[in-house]
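Note sheet for the following structure.
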Amino acid sequence: MSLKSFLAKQFAKSIYKQTKSWADNPVETQQMVFKKIISQAKKTQFGIDHHFDTINTFQDFTKKVPIRDYEALKPYVDRVVQGEENVLWKGKPLYFAKTSGTTSGAKYIPLTKESMPYHIEAARNAILHYIYETGNADFVNGKMIFLQGSPILEEKNGIQIGRLSGIVAHFVPKYLQKNRMPSFETNCIEDWETKVDAIVEETFHENMTVISGIPSWVQMYFEKLHQKGGKPVGDLFKNFNLFIYGGVNFEPYRAKFENLIGRKVDSIELFPASEGFFAYQDSQIEKGMLLLLNSGIFYEFIKSEEFFTESPRRYTIGEVELNVNYVLIISTNAGLWGYNIGDTVQFTSLKPYRVIVSGRIKHFISAFGEHVIGKEVEFALKQAMENTSIQINEFTVAPQITPSDGLPYHEWFIEFEKEPENKIAFAEAIDNAMRTQNTYYNDLIVGKVLQKLVVTKVAKNGFQDYMKSIGKLGGQNKIPRLSNDRTIADLLKTE
């Protein structure tokens with residue numbers, strides 16, 4: 001065992017003990033976070049406007065601070081962007097993580113001196129928990145790659161602006177700098193396809209042991225490695241045994257990845273966002289990711305079916321239940337208050353609190369009252385692919401409300417790597433899995449409001465071409481699993 005491996009194991013043991021101390025006291029931990037962030041923000045403009053000096057309990061908070069999305073919080077954010085201090089949080093933020101996708105253009109998510117360290121520590125601790133549980137630490141001696149956005153930052157009114165992954169790149173610990181790839185110059189390449197080509201050239205002859213990124217973009221990297229080397233990635237990188245990912249569910253990609261790698265490798269799932277690092281997979285055995293209750297984020301949860309009602313109930317960590325779909329609401333030490341990040345989660349464990357990401361509150365299909373969510377379509381596809389040789393590259397689902405013939409239906413757009421021998425049977429298997437999970441969908445089929453779903457084959461690289469056409473190829477961008485309209489569907493190239 002190398003000295004680096006030995007030290008990593010000792011560090012992992014220490015972090016595990018620290019984590020257990022707060023995870024064993026979840027309600028108290030969250031209460032401490034709540035009191036601290038309210039106290040620190042009392043003299044901000046937001047705190048004054050919402051009477052933080054009179055907030056002593058969660059009930060006080062819910063009366064004074066409504067649920068907001070980015071658009072509703074934007075008037076405050078705009079003031080911060082203009083350089084005003086003490087608006088949402090004390091002083092100015094260190095950074096703005098710039099993202100796209102809102103009706104008013106770019107989003108600017110503040111990252112403060114208090115919030116920034118948690119983004120770094122969470123990713124580190126996920127790896128350390130893996131080392132503690134498995135005893136595997138040899139990978140720390142090899143090279144690690146993190147497929148991420150450009151680290152080049154802009155500056156506006158004294159605040160640096162960039163993509164979250166690019167900002168985080170500036171905080172890689174010194175003990176990892178020699179192991180980390182790609183080079184800074186390659187990481188700065190903006191065009192994603194050019195960047196991946198350069199990464200392939202840099203890493204092809206290296207001892208890669210850890211690879212990290214959003215699955216769809218890592219898949220592109222693996223495909224290019226395979227094209228260059230003519231053999232599985234696992235043969236090119238014989239010591240590659242750990243894949244770290246976030247952003248989307250890995251299950252739809254798993255079969256394709258194992259084929260590209262040529263063997264199974266361990267994986268760690270992360271739940272990071274510009275708004276905060278919420279959870280990471282702390283166990284290879286237990287389902288779900290450990291919700292980070294001590295990281296400067298106070299969590300609230302609203303049941304998905306109640307979210308669009310006039311006054312939905314807001315639950316705290318001690319009130320949640322297993323297997324219920326909740327909209328995740330956060331208040332943070334970066335100055336986000338009662339903030340709806342758009343993700344929905346379900347708890348898989350209450351001791352400790354572990355979650356899975358079940359979808360997006362805006363990404364669903366309910367054109368006919370069926371309330372289909374991301375978790376359901378991903379599970380249905382997984383079920384239909386079990387014990388088959390079918391492999392997919394990407395997929396999305398949209399309603400077809402006005403077909404040229406027959407009843408409306410859900411249309412599944414799938415880019416296959418290995419197609420099913422019997423496409424009709426494959427579609428039937430997906431449909432059956434959907435009907436088993438979602439009673440609303442089943443009732444619509446039985447009641448002949450909908451016909452059974454239709455699978456439409458997307459042309460090779462069709463999803464990449466779509467993402468390129470809208471300027472979102474690579475980085476943290478990803479295809480929505482569900483749309484309640486045909487905006488994406490009508491732009492996909494099909495066969």
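Side chain of H170 to main chain of P151: a donor-acceptor pair is present (N/O by atom type, distance under 3.5 Å, no hydrogens or angles). Checking side-chain atoms of S115 against main-chain N and O of L111 turns up no donor-acceptor pair under 3.5 Å. A donor-acceptor distance shorter than 3.5 angstrom exists from the side chain of S304 to the backbone of N325, with no hydrogens or angles considered. Looking at Y299, its side chain never comes within 3.5 Å of a backbone N or O of Q30 through a donor-acceptor pair. The main-chain N or O of P182 is never found under 3.5 Å from a side-chain atom of T186 such that the two would form a donor-acceptor pair. Of the possible polar contacts, one joining the N141 side chain to the D138 backbone as a donor-acceptor pair under 3.5 Å is found. S5 places no side-chain N or O within donor-acceptor distance of the main-chain N or O of V140, the cut-off being under 3.5 Å. A donor-acceptor distance shorter than 3.5 angstrom exists from the side chain of T396 to the backbone of P480, with no hydrogens or angles considered. Between the N179 side chain and the G142 main chain, a donor and an acceptor come within less than 3.5 Å of each other. The backbone N or O of Q284 lies less than 3.5 Å from a partner atom in the side chain of E133, making a donor-acceptor pair.
Between E321 and K303, at least one side-chain N (NZ, or NE/NH1/NH2) sits under 4.0 Å from a carboxylate O, which counts as a salt bridge. Between K468 and E193 there is a salt bridge, since a side-chain N of the basic residue sits under 4.0 Å from a carboxylate O of the acidic one. A salt bridge links R254 with E251; the closest basic N to acidic carboxylate O contact falls under 4.0 Å. Look at E258 and R263 and you find no salt bridge, because none of the NZ, NE, NH1 or NH2 atoms lies under 4.0 Å from a carboxylate O. Ion pairing between a basic and an acidic side chain is recognised when a charged N comes within 4.0 Å of a carboxylate O; E305 and R313 show no such pairing. Under the 4.0 Å criterion applied to side-chain N and carboxylate O atoms, K351 and D24 are not assigned as salt-bridge partners. A salt bridge does not link E370 with R435: none of the charged nitrogens is closer than 4.0 Å to a carboxylate oxygen.
Side-chain rings of F139 and F240 stay apart, their centers remaining 6.0 Å or farther from each other. Two rings, from Y315 and F301, have their centers 6.0 Å or more apart. When ring centroids are compared, Y245 and F243 come within the 6.0 Å threshold. Checked against the 6.0 Å centroid threshold, F307 and Y326 do not count as a close aromatic pair. Separation of the Y118 and F277 ring centroids does not fall under the 6.0 Å cut-off. When ring centroids are compared, Y441 and H410 come within the 6.0 Å threshold.
By the 30° and 60° cut-offs, the orientation of the rings of F58 relative to F61 is parallel. Using bins of under 30°, 30° to 60° and over 60° for the plane-to-plane angle, the ring pair F34/F298 lands in the tilted bin.
Residues L381 and V377 are not in side-chain contact: their nearest non-hydrogen atoms beyond the backbone lie 4.5 Å or more apart. Proximity of L260 to Q219: side-chain heavy atoms (C-beta onward) are separated by under 4.5 Å at one or more points. Residues M208 and V233 form no side-chain contact, since every pair of their non-hydrogen atoms from C-beta on lies 4.5 Å or further apart. Taking 4.5 Å as the limit, some side-chain heavy atom of I211 sits within range of a side-chain heavy atom of F222. Proximity of I329 to I67: side-chain heavy atoms (C-beta onward) are separated by under 4.5 Å at one or more points. With a 4.5 Å cut-off on side-chain heavy atoms, P352 and R354 count as touching. Within the 4.5 Å cutoff, no side-chain heavy atoms of Y95 are placed close to those of T112. Two residues are said to be in side-chain contact when any heavy atoms from C-beta on lie closer than 4.5 Å; P215 and F257 meet this criterion.
Under a cut-off of 6.0 angstrom, the local environment of CE in M32 is sparse, with at most 12 non-hydrogen atoms contributed by other residues, nucleotides or ligands. With a 6.0 Å radius and a threshold of 12 heavy atoms from other residues, nucleotides or ligands, K460 has its NZ atom above the threshold. Environment of OH in Y440: sparse, with no more than 12 heavy atoms of neighbouring residues, nucleotides or ligands closer than 6.0 Å.
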For T203 and Y221, what are the C-alpha separation, side-chain angles and deciding distance, and is it a side chain to side chain donor-acceptor pair (under 3.5 Å)? CA-CA 10 Å; T203 59; Y221 168 58; 2.8 Å; yes
For N393 and E415: C-alpha separation, side-chain torsions, deciding distance, then whether side chain to side chain donor-acceptor pair (under 3.5 Å) applies. CA-CA 6 Å; N393 291 330; E415 182 183 330; 3.2 Å; yes
Apply the test side chain to side chain donor-acceptor pair (under 3.5 Å) to residues N340 and D69: give CA-CA distance (whole Å), side-chain angles for both, the deciding distance (0.1 Å), then the verdict. CA-CA 5 Å; N340 170 24; D69 59 11; 5.7 Å; no
Check the pair E376 / N438 against side chain to side chain donor-acceptor pair (under 3.5 Å), numbers first and verdict last. CA-CA 8 Å; E376 292 170 344; N438 189 308; 3.1 Å; yes
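Side-chain polar atoms of T99 and S274 form no donor-acceptor pair below 3.5 angstrom. Checked by atom type, the side-chain pair E319/T316 shows a donor-acceptor distance below 3.5 Å.
Between A97 and I167 the shortest heavy-atom distance is CA-CD1, 4.1 Å. For the pair G338 and R314, the tightest heavy-atom approach, listed with the atom from each and the gap, is CA-NH2, 4.5 Å. Pairing each heavy atom of A279 with each of M289, the nearest pair is CB-CB, 3.7 Å. Considering every non-hydrogen atom in both A198 and I189, the closest pair reads CB-CD1, 3.9 Å.
Within the structure, the salt bridge (charged side-chain N to carboxylate O under 4.0 Å, His left out) test picks out the following pairs touching residues 201-224 (sequence neighbours left out): K143-E206, D197-K224, E201-K228, E223-K256.
E28 pairs by the side chain to side chain contact (heavy atoms under 4.5 Å, CB included) definition with N25, not counting sequence neighbours.
To the nearest 0.5 angstrom, I127 atom CD1 is 13.0 Å from N136 atom CG.
Screening F395, F413, W412 for a side-chain contact (heavy atoms from CB on, under 4.5 Å) involving V458 leaves a single residue, F413.
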